Participant: 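Have a look at the structure that comes next, please.
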Amino acid sequence: MSHVSPALAASASPEYEGFVGWVLSLIESLGEVGVGLAVLIETFVPPIPSEAILPVAGFLAYDGRMSAWGAWVAATLGGLVGALIWYAIGAAVGRVRTRRIVGRIPLLDHDDFDKAEEFFARWGGGAVLFGRCVPLVRSFISIPAGIERMGLVRFVLYTTVGSAAWNGIWIGLGFAFGPAIRPVLEEWSGLISNLAVGAIGILVLVFILLRIRRRLRETAARAGREREAD
């Protein structure tokens, strides 16, 4: 899908060091389709944020190693496919069982479902459009839309517009800041890699610990209610 001119290919950037170089090489090797798959996976594994993937695609496009338009289209299609899957699940199995499914996904809980449901109840169909710009909510806003049987054509239109706008912003930022990012990575990619790995490790650990603490509290509260009922 990528169309890179000979001039750009000839002036390909040097290999970057460490984690930064690995991420850039991985996304480049997967291509535009890989960007779309990453956005699709985010729909079911929200701790993988598209905000960390799309700017990389934009930078690779600036670097002549990926098509910006191709990455944008693939990311938008990936988001739409993921949204349609959750929409279908919500419409097919209903609120109670869908909420139970979300609660059983590792690192997710019922509160994630409840927040998406509250967002949809407050904003209606507009939540599908604007919810694409809200982390975690965008992954599950399709569920209440499916449960409430929102019109499919309207749902697809809102999801596509919201996803296209959000993806365009982040890919565009990566492309626009390419001239500033490239010399920094050429000089400091090793140091930036170490800092990035440390920051990601801390964020993931904090996320997991908070989720575990919340689940322990829910379990303790449930056990307390059962004892009181007895």
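Position 1 is the first residue of the sequence; numbering continues from there. Note that the structure is a prediction, hence the values are computed from the model and not measured.
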Participant: Closest approach of Ala176 and Pro179, non-hydrogen atoms and distance?
Facilitator: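 The answer is O-CD, 3.3 Å.
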Participant: List the residues meeting side chain to side chain contact (heavy atoms under 4.5 Å, CB included) with Val161, not counting sequence neighbours, and say none if there are none.
Facilitator: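 With sequence neighbours excluded, Val161 shows a side chain to side chain contact (heavy atoms under 4.5 Å, CB included) to Leu129, Leu157, given in chain and number order.
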Participant: Over all heavy atoms of both residues, which pair between Arg132 and Ser142 is shortest? Give the atoms and the distance, please.
Facilitator: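 Smallest interatomic distance, heavy atoms only, reads NH1-OG, 4.3 Å.
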Participant: What residues form a ring pair (Phe, Tyr, Trp, His ring centres under 6.0 Å) with Tyr158, not counting sequence neighbours?
Facilitator: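 Counting only residues at least two positions away or on another chain, Tyr158 forms no ring pair (Phe, Tyr, Trp, His ring centres under 6.0 Å).
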Participant: Go through the structure and list residues passing side chain to side chain contact (heavy atoms under 4.5 Å, CB included) with Ile147, not counting sequence neighbours.
Facilitator: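 Side chain to side chain contact (heavy atoms under 4.5 Å, CB included) list for Ile147, sorted by chain: Arg95, Phe113, Ile143.
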Participant: With ring pair (Phe, Tyr, Trp, His ring centres under 6.0 Å) as the criterion, how do Phe140 and Trp86 come out once you've worked through the C-alpha distance, each side chain's angles and the decisive distance to 0.1 Å?
Facilitator: CA-CA 7 Å; Phe140 303 116; Trp86 275 126; 5.7 Å; yes
Participant: What is the minimum heavy-atom distance between Leu54 and Ala75, and which atoms define it?
Facilitator: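 In this case the closest contact between Leu54 and Ala75 is CD2-CB, 3.8 Å.
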Participant: Taking only residues two or more places apart in sequence, or in another chain, which ones meet Phe155 in a ring pair (Phe, Tyr, Trp, His ring centres under 6.0 Å)?
Facilitator: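 Partners of Phe155 by the ring pair (Phe, Tyr, Trp, His ring centres under 6.0 Å) criterion, ordered by chain and then number, come out as Tyr87.
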Participant: Which salt bridge (Lys or Arg N to Asp or Glu O under 4.0 Å) pairs, counting each pair once, include a residue from residues 140-156, with sequence neighbours left out?
Facilitator: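 Of all non-adjacent pairs touching residues 140-156, none passes salt bridge (Lys or Arg N to Asp or Glu O under 4.0 Å).
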Participant: Do side-chain atoms of Glu32 reach the backbone of Ser67 as a donor and acceptor pair under 3.5 angstrom?
Facilitator: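 Yes, Glu32 side chain to Ser67 backbone: donor-acceptor pair under 3.5 Å.
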Participant: Scan for side chain to side chain donor-acceptor pair (under 3.5 Å) pairs involving residues 167-179, sequence neighbours excluded, and state none if there are none.
Facilitator: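 Sorted result for residues 167-179: Thr76-Asn167.
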Participant: Do Asp114 and Arg99 make a side-chain contact, defined as non-hydrogen atoms from C-beta onward lying under 4.5 Å apart?
Facilitator: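 They are in contact (side-chain heavy atoms under 4.5 Å apart), so the answer is yes.
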Participant: Please find the pair of heavy atoms, one from Trp72 and one from Ala164, that lie closest to each other, and give the distance.
Facilitator: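 So the minimum-distance heavy-atom pair works out to NE1-O, 2.8 Å.
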